[in-house]
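Values in this document were obtained by computation on a predicted structure and should not be read as measured data.
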Amino acid sequence: MLQFLVRRLLQAVGVLAVMSLLVFVGVFAIGNPVDVMIDPAASEAERQAAIVALGLDQPMWRQYLTFVGNALQGDMGKSFVYNQSASELILSRLPATFELAVMAMLIAVAIGLPMGLWAGLKPGSWADRLLMTISIFMFSLPTFWVGLLLIMGFAVTLGWLPSGGRGETRELFGVPFAFLTWDGFQHLLLPAFNLALFKLALVLRMVRGGVREQMTSDYVAFARAKGVSETRIVFKHVLRNIMLPVITVMGLEFGNILAFAVVTESIYAWPGMGKLLINAITVLDRPVIVAYLMITVFIFIVINLIVDLTYTLLDPRVRTGGAK
Amino acid sequence: MSGNIPVTKPPFSQTPMGELVSDFTANPFAVLGFFGLLAVIICAIFAPYIAPQNPYDLMTLDFMDGNLPPGSTGGMGQVFMLGTDDQGRDVWSSILYGLRTSLAVGAASAFIAFGIGCIVGLIAAYAGGLTDTLIMRLVELQLSFPAILIAMILVAVLGQGTDKIILALVAVQWAYYARTIRGLALVEKGREYIEATHVLGFSHFRIVLRHLLPNCIPPLIVIVTMQVASAIALEATLSFLGIGLPLTEPSLGQQIANGYGYMQAGRYWLSIFPGVALLFTIVSLNLVGDHLRDILNPKTRRQ
């Protein structure tokens, strides 16, 4: 187990190193940083001074080492726009994005699971066919367009929920969260539901497939023969067996939700890190872009690592590399 | 001579192709999707002939016709079925031209990605060993990050422009093809006919291109259909966020984004109709792809 852990950690560090190199090459080497980071109105002498100050006259490998060294200390430069440390800026927006992603995940499971059970227990019924067709629509609908429709419906026409912003927040352990106040919770609902739709369809399909497979298995037949009630079979035995893959996939999808939050945040003016990134891209605020990428990559690697380790704990076959 | 031999051609419905067609038409949603897709492609190709006006020729626009709701009649007596924007541009015509851009970008990137993915996947499967390991590690690394994130990174790095968007979409998608075709090719590689080609002393080039590749293609068709849909959706998303195609070639995503500003003012048609067109395209592609997958997969194929 320890050996597996160490090997997996080393792999994670390797991926992080590769990604940092790619980001560095992408942002600093392909584009000319001099043009981007220095005011075009500056005189030639000022330009030269700035190049030296930014270390851009150094050979490439030295620049990369400096970049990595600074990144390790959490220093990824100052935002041109906010004139504030880029990494601090992004980390200050992280709770908002996180809150949105967790809420979306909860909605996806809370709705997708019962729907999947329903469809899976009655294969071929009208409900099953209806839900499967709806799930194709959920996969097909671009997130941003659903977002517009939701705003049109629930915010503009019906006026039930606010159309954007985060609303009132309350601090928990010194971090502001919106879901702790009624106003903030209302602001959270629409974007979270929007973000959840795609995952909802995924959970629905996975649970449906899992239930159909499990219901024909020997242990279900055995339980039936023993006279165990159908409700107990479904909720006590079948559900438990399909939860493992669902949890794994949802764990992996969590990173995906964080990335897709960019779209939702832009539509609902939700002040998370995704919105920050889009603004940074449009005004070419490179330090913020780089910091966003590095932090996201880091979060991703951590998520993948956690999912892998959880899986190992839950399923010994993965750990030992034994028979499948 | 040959006339003496009675050749009874089997009816079309019993040929392999005929079976596929009848399997496909058995599902009404698939047929619906197919005709929807056909309509979209025809609209996109013949947009200049179908569209009542050229929305990007400023000479044909009349400010007097601006902001008309759907079904209004313009100053020249023409009817604007889906309304107009503030410059008097016919929304229906804009959608036809936008559909063209969206479809062209989506199809181009899916096919380029398909080509690159095929080559890389075949090399990995055929060469094996270290080459295979290296290529597959790269593929796995890329697939562990969501497509939208990679696309945004690339757009942030490369800058904007049609060619750069296509490049970003290709970079996002090639890995799916590479992984799939490698899996297929590994299976085919072990078959007798490939062994036979080795015995016959064919060149590697010939074996891979003439024998391995054609046998891996059919399952990939499904993936191409789905990937064109996802490329279109991704491009629309990037354009909606304002980091997609340049403003000179407004795709459906951009039209939706532009119209969004007017939504709160009640001019819903500027955003809703391009959205419906986008949705229609993507759903059609997915319906066709979903059912093609079912009928091409021997496991789920109905008896």
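Note: Ile267(A) leads Leu258(A), Ile267(A), Thr296(A) in heavy-atom pairs under 4.5 Å with chain B. With chain A as partner, the option from Thr281(B), Leu149(B), Leu285(B), Leu287(B) having the largest number of non-hydrogen pairs under 4.5 angstrom is Leu149(B).
Between Ile282(B) and Trp145(A), the closest side-chain pair of non-hydrogen atoms is not below 4.5 Å. Taking 4.5 Å as the limit, some side-chain heavy atom of Leu149(A) sits within range of a side-chain heavy atom of Ile272(B).
Here Phe254(A) pairs with Phe98(A) under the ring-ring contact (aromatic ring centres under 6.0 Å, His included) rule; sequence neighbours left out.
Rounded to the nearest 0.5 Å, atoms CG (Leu277(A)) and CD1 (Ile243(B)) are 7.0 Å apart.
For Arg179(B), the CZ atom sits in a loose shell: 12 or fewer heavy atoms of surrounding residues, nucleotides or ligands are nearer than 6.0 Å.
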### Query
Do Val262(A) and Ile148(B) pass the side-chain contact (heavy atoms from CB on, under 4.5 Å) test, and can you show the C-alpha distance, the side-chain angles, and the key distance before you say yes or no?
CA-CA 9 Å; Val262(A) 173; Ile148(B) 180 124; 5.8 Å; no
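Within residues 229-239 of chain B, the residues that have a heavy atom under 4.5 Å from a heavy atom of chain A are Ala236(B), Thr237(B), listed by number.
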